[in-house]
Amino acid sequence: MPLLFRRASLASLGLAFGLSALCLSPVVAQEAAPAAPADAAAAPAAPVDPNAVVATVNGQPLTEADLVLAEGELSQQFAQLPPEQRRAAALSAAIEIRVMAAKAVTDGLDKDPDFQRRMAFLQQRALHGEMVEKGVVDKVTDAEIRARYDQEIANTPPVNEVHARHILVKTKEEAEAIIKQLDGGADFQKLANEHTSDPSGKSNGGDLGWFGPGQMVPEFDKAAFALEVGKYTEQPVQSQFGWHVIKLEDKRAKQPPAFDEVKDQAKQAVIRDKYFALVKSLRAGAKVEIPDAKLKQAVDTMEAGK
């Protein structure tokens with residue numbers, strides 16, 4: 001999901017830099033967790049009560065829900081730790097954040113105007129994220145995703161793909177000599193195995209398999225798609241790789257990707273459209289004034305491009 005949709009992390013608040021939980025010694029980091037009994041590994045995990053208290057900090061409870069939040073928000077910092085150490089690291093980090101935050105309040109840092117502005121913005125950003133999740137993402141239906149897929153398929157012009165072989169040589173003269181042999185009835189695949197400088201084609205008769213427009217260099221692409229099935233190029237085709245003799249084995253209409261292959265992309269497209277539709281409706285009902293004419297023009301231009 002784009003960064004715009006992501007919720008603000010604790011790390012972005014500047015509260016979690018230098019977490020002591022990440023400074024585990026190499027000895028501790030390399031210790032192996034005790035092996036679990038086979039029957040215990042197979043047993044399903046018991047449900048966890050989010051309100052269960054895992055620690056208290058100056059008399060204030062720190063719950064399983066708080067720990068899950070810390071693990072999620074600080075996941076990048078814990079990425080290098082073994083899985084069995086991440087829970088302890090998250091709890092250590094959460095405790096560290098609590099005591100540092102309490103000290104900041106005691107020192108009056110929470111009253112600083114810059115801090116209050118930053119906190120107000122981060123609260124708005126978090127609410128923005130909640131609105132996206134609850135008001136957009138969670139409301140996307142399978143029917144909408146399928147409809148978007150069908151729409152994209154219907155709007156995509158039919159495209160042919162071709163199955164071709166080629167013989168790649170260094171000079172035009174070599175390519176012309178090969179074409180003369182083909183004119184005399186020589187076997188293309190045999191000549192490819194004998195003469196091509198393309199390593200991938202020396203044992204398969206120069207077979208390139210199926211490919212669509214734009215997948216090959218322009219000169220090769222143009223020549224291959226201009227051929228009739230069963231024909232080869234009557235003149236050598238030059239590209240940045242050398243000189244080609246191309247034979248077209250077959251052509252067919254390219255099949256669109258199956259729904260399951262692109263379902264996630266279709267879903268993201270639906271989410272994007274719903275998000276911008278929601279923003280547009282909310283902006284239309286909001287009174288927004290930008291006194292700086294140049295800045296207003298720049299914002300209007302940017303908004304028009306969305």
Side-chain angles (χ1 to χ4, degrees), residues 1-29 31 33 45-138 275 278-279 282-283 285-292 295 299:
M1 183 172 290
L3 180 61
L4 181 65
F5 291 171
R6 295 178 61 187
R7 302 181 189 184
S9 67
L10 293 178
S12 68
L13 308 189
L15 300 178
F17 293 122
L19 294 175
S20 58
L22 301 183
C23 299
L24 301 173
S25 69
V27 175
V28 174
E31 287 181 356
V48 177
D49 179 3
N51 296 314
V53 176
V54 294
T56 58
V57 181
N58 294 326
Q60 298 299 313
L62 199 155
T63 67
E64 283 285 356
D66 296 326
L67 190 57
V68 169
L69 181 63
E71 285 186 84
E73 296 289 350
L74 301 174
S75 58
Q76 290 185 344
Q77 286 91 324
F78 300 149
Q80 301 302 317
L81 293 178
E84 64 272 11
Q85 293 182 5
R86 291 174 192 166
R87 179 175 168 83
L91 179 55
S92 177
I95 293 170
E96 184 174 332
I97 289 170
R98 287 279 184 98
V99 297
M100 291 286 282
K103 173 62 174 171
V105 171
T106 299
D107 291 352
L109 299 182
D110 58 323
K111 302 298 191 298
D112 181 81
D114 287 340
F115 172 78
Q116 291 183 344
R117 276 191 292 270
R118 188 162 66 251
M119 284 302 299
F121 173 76
L122 290 171
Q123 181 186 36
Q124 291 166 358
R125 185 181 174 191
L127 287 170
H128 168 276
E130 287 297 308
M131 190 63 205
V132 170
E133 291 293 328
K134 303 297 193 302
V136 179
V137 177
D138 291 351
Y275 172 79
L278 177 59
V279 170
L282 294 175
R283 288 288 297 266
K287 184 179 181 180
V288 179
E289 298 178 355
I290 305 176
D292 187 316
L295 180 57
V299 170

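Basis for what follows: all heavy atoms, side chains included, without hydrogens, waters or symmetry-related copies.
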Can any side-chain N or O of D107 pair as donor or acceptor with the backbone N or O of L109 at less than 3.5 Å?
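Looks like no, no N/O pair under 3.5 Å.
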Can any side-chain N or O of T106 pair as donor or acceptor with the backbone N or O of A102 at less than 3.5 Å?
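The answer is yes, because a donor-acceptor pair under 3.5 Å joins these two groups.
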Looking at side-chain heavy atoms only, is the closest gap between [X] and [Y] below 4.5 Å?
| X | Y | value |
| --- | --- | --- |
| I95 | I97 | no |
| M131 | L278 | yes |
| R117 | P113 | yes |

Show which side-chain atoms of residues 62-70 pair as donor or acceptor with protein atoms under 3.5 Å away, not counting sequence neighbours.
residue, atom, partner, partner atom, Å
T63, OG1, P50, O, 3.4
T63, OG1, A65, N, 3.4
T63, OG1, D66, N, 3.2
T63, OG1, D66, OD2, 3.1
E64, OE1, R87, NH1, 3.2
E64, OE2, R87, NH2, 2.8
D66, OD2, T63, N, 3.0
D66, OD2, R98, NH2, 3.3

Minimum heavy-atom separation for L74 to A93, with atom names?
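Heavy atoms only, the tightest pair is CD1-CB, 3.8 Å.
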Please give me the minimum heavy-atom distance between P61 and T56, naming the atom from each residue.
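Closest approach of P61 to T56: CA-CG2, 4.2 Å.
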Carefully, step by step, assess R86 and E84 under the rule salt bridge (charged side-chain N to carboxylate O under 4.0 Å, His left out).
CA-CA 6 Å; R86 291 174 192 166; E84 64 272 11; over 6 Å; no
If you count every heavy atom of other residues, nucleotides or ligands that lies below 6.0 Å from D49 atom CG, does the total exceed 12?
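Counting other residues, nucleotides and ligands, CG of D49 exceeds 12 neighbours.
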Would L127 and Q123 count as a side chain to side chain contact (heavy atoms under 4.5 Å, CB included) here? Give the steps.
CA-CA 6 Å; L127 287 170; Q123 181 186 36; 4.2 Å; yes
In Å and rounded to the nearest 0.5 Å, what is the CZ to NZ distance from R283 to K287?
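Result: 15.0 Å between the selected atoms.
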How many angstroms lie between atom CG of D110 and atom CE of M119, to the nearest 0.5 angstrom?
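Result: 9.5 Å between the selected atoms.
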